[in-house]
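All values below were derived from every heavy atom in this structure, side-chain atoms included, with hydrogens, water molecules and symmetry-related copies excluded. Residue numbers start at 1 and run along the sequence shown. Treat the numbers as computed from the prediction; the structure is a model and nothing was measured.
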Amino acid sequence: MFLTHLNALRALEATLRLGSFSEAATELGVTPAAVGQRVRTLEEYLGRELFIRTPSGLKAQEDVRNVETLLTNSFSGLAAALNELKNRNPGSRISVTLPASFVENWLTSLISEFYQRHASVDMRLDASNRDVDLATENFDFAVRYGAPPGDQLEGVVLFGDYVLPVCSPEFARQHAINPFSRSLKNIPLIHVTDRTKDPSWVGFDGWGQAFGFDEEHLGQGVHFSKVSSGLQAAIAGQGLVLCGLVEAFNSIRSGLLVAPFGPKMSCKTDGMYRLLWVRDHPMGKIQRDFREWLLEKAAVLKNESESFLNGGFE
């Protein structure tokens, strides 16, 4: 009975808004006779006529016309609620929060592969550095760099990282940078500020001290607050940027950037990139598939990075 009345109200709303059974039928995907029958069912239930039938067409009773907006808003609200529930279906949606530099400089180039496996996936990527509470916010996973998670979270290590300076090949030639250089005098430097709380993530000062550079020229240059900005400036030939290998790897692999001092002159970090989720939280098939896919991609990066650090790509 409820569905019968709901269908009758939907027919009434469409007829009021569009002005005829015929127009309402087109929108609802039924015949004009079916719309008329639904309206008559509602009239029988209410014990009164809702429309005056005239030779020129239908004319709604005055009090019926007054509820048109209420009906339209109500059905719009129901449609919005249904759409929201559909979008929250764990069978098709994945929500991941992850560092902006991670998604911009590594994951973006790979994500189309996952779409090829799951064409209907509703992927939500929160590319930011804010500290999301997975237990209270609507995310399936988080990618975080740093120390191991607390008891509330479960996770798996994706890979570690190394800090090293990179630049465009032409910039390296222009400034005659090579593994034997021990001064950055007259070399424009690109600093990325406020990267992480990990004390092992060094800046130019720490990196230069680790490899015996002239400390007088380690603080010069321009400072960016975003890794991507620093990398783009380096690709454009504007300077030597100190960054994580994970962030620069795709550009090194493609030849847009080089490590002019060689891969051995890099500083390993203590922090690790991890994929995290709430412990004992139920996980659907598509979430499990995403986790396995990301681990596969992380293993590839780890192997290729090790090859690079050992002197070259396989």
Side-chain angles (χ1 to χ4, degrees), residues 77-161 194-198 201 226-228 231 243-250 269-305:
L78 287 172
L82 183 61
N83 186 60
E84 178 68 15
L85 290 172
K86 180 181 179 181
N87 288 338
R88 291 186 178 183
N89 180 4
S92 64
R93 194 192 72 177
I94 300 174
S95 297
V96 189
T97 178
L98 61 181
S101 62
F102 183 91
V103 66
E104 291 171 358
N105 300 300
W106 183 65
L107 188 60
T108 296
S109 64
L110 302 172
I111 202 67
S112 62
E113 293 183 23
F114 189 75
Y115 277 106
Q116 290 175 3
R117 298 188 187 188
H118 299 278
S120 62
V121 66
D122 179 12
M123 180 73 74
R124 310 289 181 90
L125 299 179
D126 175 50
S128 70
N129 297 320
R130 67 191 186 94
D131 191 12
V132 171
D133 185 353
L134 286 181
T136 60
E137 297 192 48
N138 193 29
F139 288 99
D140 299 306
F141 299 105
V143 174
R144 289 179 180 161
Y145 171 84
D151 295 338
Q152 192 177 25
L153 299 179
E154 191 171 354
V156 60
V157 172
L158 297 175
F159 33 64
D161 210 351
D194 300 325
R195 291 300 318 282
T196 171
K197 296 179 181 178
D198 179 4
W201 193 287
K226 291 186 63 177
V227 176
S228 295
L231 284 172
C243 62
L245 179 58
V246 171
E247 299 155 343
F249 193 80
N250 284 339
T269 65
D270 294 335
M272 309 288 284
Y273 284 97
R274 290 177 172 84
L275 180 68
L276 306 177
W277 59 91
V278 176
R279 188 179 301 277
D280 299 325
H281 191 274
M283 198 177 294
K285 181 180 184 302
I286 200 165
Q287 283 79 24
R288 294 192 298 272
D289 287 351
F290 176 78
R291 180 177 61 186
E292 294 308 311
W293 173 81
L294 190 61
L295 288 174
E296 289 174 10
K297 298 294 107 178
V300 172
L301 175 63
K302 185 177 179 180
N303 291 335
E304 291 187 338
S305 297

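The distance from the CD1 atom of Ile94 to the CD1 atom of Ile286 is 4.5 Å, given to the nearest 0.5 Å. Phe249 CZ to Glu304 CD: the interatomic distance, rounded to the nearest 0.5 Å, is 4.5 Å. The CZ atom of Phe102 lies 10.5 Å from the CG atom of Leu125; values are rounded to the nearest 0.5 Å.
In summary, the side chains of Asp198 and Tyr145 do present a donor paired with an acceptor at a separation below 3.5 Å, with no hydrogens or angles considered.
Counting all heavy atoms, side chain and backbone alike, Ala100 lies closest to Ala127 at CB-O, 3.9 Å. Between Leu134 and Phe139 the shortest heavy-atom distance is CD2-CB, 3.7 Å. Shortest non-hydrogen contact noted between Leu153 and Arg279 is O-NH2, 3.0 Å. For Pro149 against Arg274, the heavy-atom pair with the smallest separation is CD-CD, 4.0 Å.
Aromatic ring orientation, Phe141 versus Phe290: tilted (interplanar angle from 30° to 60°).
Two residues are said to be in side-chain contact when any heavy atoms from C-beta on lie closer than 4.5 Å; Arg195 and Val227 meet this criterion. With contacts defined as side-chain heavy-atom distances shorter than 4.5 Å, the pair Gln287/His281 does not qualify. Side-chain contact check for Ser95 versus Asp126: every heavy-atom pair is 4.5 Å or farther apart.
Distance alone, capped at 3.5 Å, is enough to place a donor-acceptor pair between the Thr108 side chain and the Val103 backbone. Checking side-chain atoms of Asp161 against main-chain N and O of Leu245 turns up a donor-acceptor pair under 3.5 Å.
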Tell me which donor-acceptor pairs under 3.5 Å the side chains of residues 109-120 have, and how far apart each pair is, sequence neighbours excluded?
unit_1 : atom_1 : unit_2 : atom_2 : d
Ser109 : OG     : Trp106 : O      : 2.9
Ser109 : OG     : Asn250 : ND2    : 3.1
Glu113 : OE1    : Lys297 : NZ     : 2.9
Arg117 : NH2    : Glu296 : OE1    : 3.0
His118 : NE2    : Asp289 : OD2    : 3.2

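Here Asp122 pairs with Arg124 in a salt bridge; the nearest charged N to carboxylate O distance falls below 4.0 Å.
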